[in-house]
2 protein chains.
Amino acid sequence: MAELEVTPRTKLGRLPDRGRHDRDTINAILDEGFVCHVGFVADGQPFVIPTGYGRKGDNIYFHGSAASRMLRNLSKGLPVCVTVTLVDALVLARSIFHHSMNYRSVVVLGTATLVEEAAEKWEALRVISDNIIRGRWDEVREPNEQELKATAVMKLPITEASAKVRTGPPKDDQQDYDLPIWAGLLPLETRPLPPVADPAMKMQAEVPASVKGYKR
Amino acid sequence: MAELEVTPRTKLGRLPDRGRHDRDTINAILDEGFVCHVGFVADGQPFVIPTGYGRKGDNIYFHGSAASRMLRNLSKGLPVCVTVTLVDALVLARSIFHHSMNYRSVVVLGTATLVEEAAEKWEALRVISDNIIRGRWDEVREPNEQELKATAVMKLPITEASAKVRTGPPKDDQQDYDLPIWAGLLPLETRPLPPVADPAMKMQAEVPASVKGYKR
């Protein structure tokens, strides 16, 4: 497993046994999520904005509308933190103190840049689209030049990153195992409900493969 | 509806028609979510950390383990951004460009402080617990003094905040409505799966009310 270098910024201070720095773990979490939270700083104030994203190789691409307004003045790029969080279960212990969640999260630190080269921008948009709903790109009208110009895409290399993973049952204090309290996991799942056709559709069209085969 | 003052920092630059600044909308989103993303700055680098939270009145309380290490040196508090995002549906248009998500998000800006007063800290922990799984607090062992000391809780007043909401079907360019392409919504739902008892349980105990009645 390729390990990323652990820096003082990605070293876990609390509960370090939950930390992972290998690319396989980091990539698997990034590939399962589809909404990231992008953090950036403006006038000393942090901002955190949710947006769609996708990964290709060792880069994350994300829609940059919010951050790109700032980027125009930052030719060298924008320091960001991109965080992806998957919640798998509530961890219900015998004591409130040991309640937790089973989750998998990735934090990527670095400098994001606007994607300006046309071919890379096209590919980046496709990567984002495929990460949100695989195959949809091929079913619909592709972007035209004007739309491409109106879309801001940012790129962040995955070089300084860490994952944090909690799995398994609750861990209580030894004496609490004698308490007559139910403990365990409440798994959570995000699933699609039946698709809802646009009431403005002018013709019959079957629900397409991207929707029928959608999995989260 | 009580409206929060719109500041240059909470005024929406892009798609301003999706913006909301009334407390009812903001509170409803905060009360439906249970994981927030906290953004803060250290040495010019933004960090975004997921954590559990709860709202009471005009304050958000959240677990402050990550940020509290920094806070020890910041007696006046820590500039943060707390963001909560609920994804309701994928919005599948006839053109890639108009693909979107139906979502509800809240961004709260301000200065977070450590909750140090014992009674407020107790109440804050209860608020967070109740927001994650209502009623669980009353079923389990309460925190003891040592556990309270080991838990960092932060408070952020909801004074500078905005919500962003997208609902409804896709909106395509007029001429694209003639394309023979299925368009519509793919609603997403987070739901609990059957609870899994801790294999280390020493006695029979029924699945408790907090778990049986859990709703997201």
Exercise. Return each pair, listed once, that meets salt bridge (charged side-chain N to carboxylate O under 4.0 Å, His left out) where at least one residue sits in residues 76-86 of chain A; pairs must be two or more places apart or across chains.
Key: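 Passing the test, one end in residues 76-86 of chain A: no pairs.
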
To the closest 0.5 Å, what do you measure between [atom1] ([X]) and [atom2] ([Y])?
X         : Y         : atom1 : atom2 : value
Ile128(B) : Ile96(A)  : CD1   : CD1   : 10.5 Å
Leu193(A) : Asp88(B)  : CG    : CG    : 10.5 Å
His99(A)  : Ile133(B) : NE2   : CD1   : 7.0 Å

Toward chain A, the part of [X] with a non-hydrogen atom under 4.5 Å:
X         : answer
Ala42(B)  : neither
Leu92(B)  : both
His37(B)  : both
Tyr103(B) : neither
Leu125(B) : neither
Val82(B)  : neither
Met201(B) : both
Pro199(B) : side chain
Glu189(B) : both
Val87(B)  : side chain
Leu90(B)  : side chain

Looking at chain A, which one of [options] has the largest number of heavy-atom pairs inside 4.5 Å, strictly under?
options                         : answer
Arg94(B), Arg126(B), Gln204(B)  : Arg94(B)
Pro195(B), Ala183(B), Gly184(B) : Ala183(B)
Lys202(B), Arg136(B), Met203(B) : Arg136(B)
Val107(B), Val80(B), Val211(B)  : Val80(B)

Are [X] and [Y] side-chain neighbours, meaning at least one heavy-atom pair lies under 4.5 Å?
X         : Y         : value
Ser105(A) : Pro50(B)  : yes
Arg191(A) : Thr190(B) : no
Gln45(B)  : Val41(A)  : no
Trp182(B) : Asp198(A) : no
Arg9(B)   : Phe47(A)  : yes
Val140(A) : Ser95(B)  : no
Pro192(A) : Pro187(B) : no

By a 4.5 Å heavy-atom criterion (distance strictly below it), what part of [X] contacts chain B: side chain, backbone, both, or neither?
X         : answer
Val35(A)  : side chain
Glu206(A) : backbone
Val207(A) : both

Practice problem: Decide side chain to side chain contact (heavy atoms under 4.5 Å, CB included) for Phe97(B) and Glu142(A); before the verdict, give the C-alpha distance in whole Å, the side-chain angles of both, and the deciding distance to 0.1 Å. | Solution: CA-CA 8 Å; Phe97(B) 182 73; Glu142(A) 291 184 339; over 6 Å; no

Practice problem: Sequence neighbours left out, what passes ring pair (Phe, Tyr, Trp, His ring centres under 6.0 Å) with Trp137(B)? Give chain and number order. | Solution: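 Only Trp122(B) meet the ring pair (Phe, Tyr, Trp, His ring centres under 6.0 Å) criterion with Trp137(B).
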
Quiz item: Given the options Pro46(A), Gly44(A), Ser210(A), Ala205(A), which has more heavy-atom pairs under 4.5 Å with chain B than any of the others?
Solution: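 The option with the most such pairs is Pro46(A).
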
Quiz prompt | Winner by heavy-atom pair count (cut-off under 4.5 Å) against chain B, out of Gly168(A), Ala93(A), Pro143(A) | solution =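 When all of Gly168(A), Ala93(A), Pro143(A) are compared, Ala93(A) has the most.
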
Quiz prompt | Proximal to chain A - members of residues 169-181 of chain B, heavy-atom separation under 4.5 Å | solution = Pro169(B), Pro170(B), Asp173(B), Asp176(B), Tyr177(B), Asp178(B), Leu179(B), Pro180(B), Ile181(B)

Practice problem: Measure across Val48(A) and Val38(B) and return the closest heavy-atom pair with its distance rounded to 0.1 Å. | Solution: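 For Val48(A) versus Val38(B), the nearest heavy atoms are CG2-C, 4.5 Å.
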
Quiz prompt | Residues from residues 152-162 of chain A approaching chain B under 4.5 Å (heavy atoms) | solution =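 Answer by number: none.
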
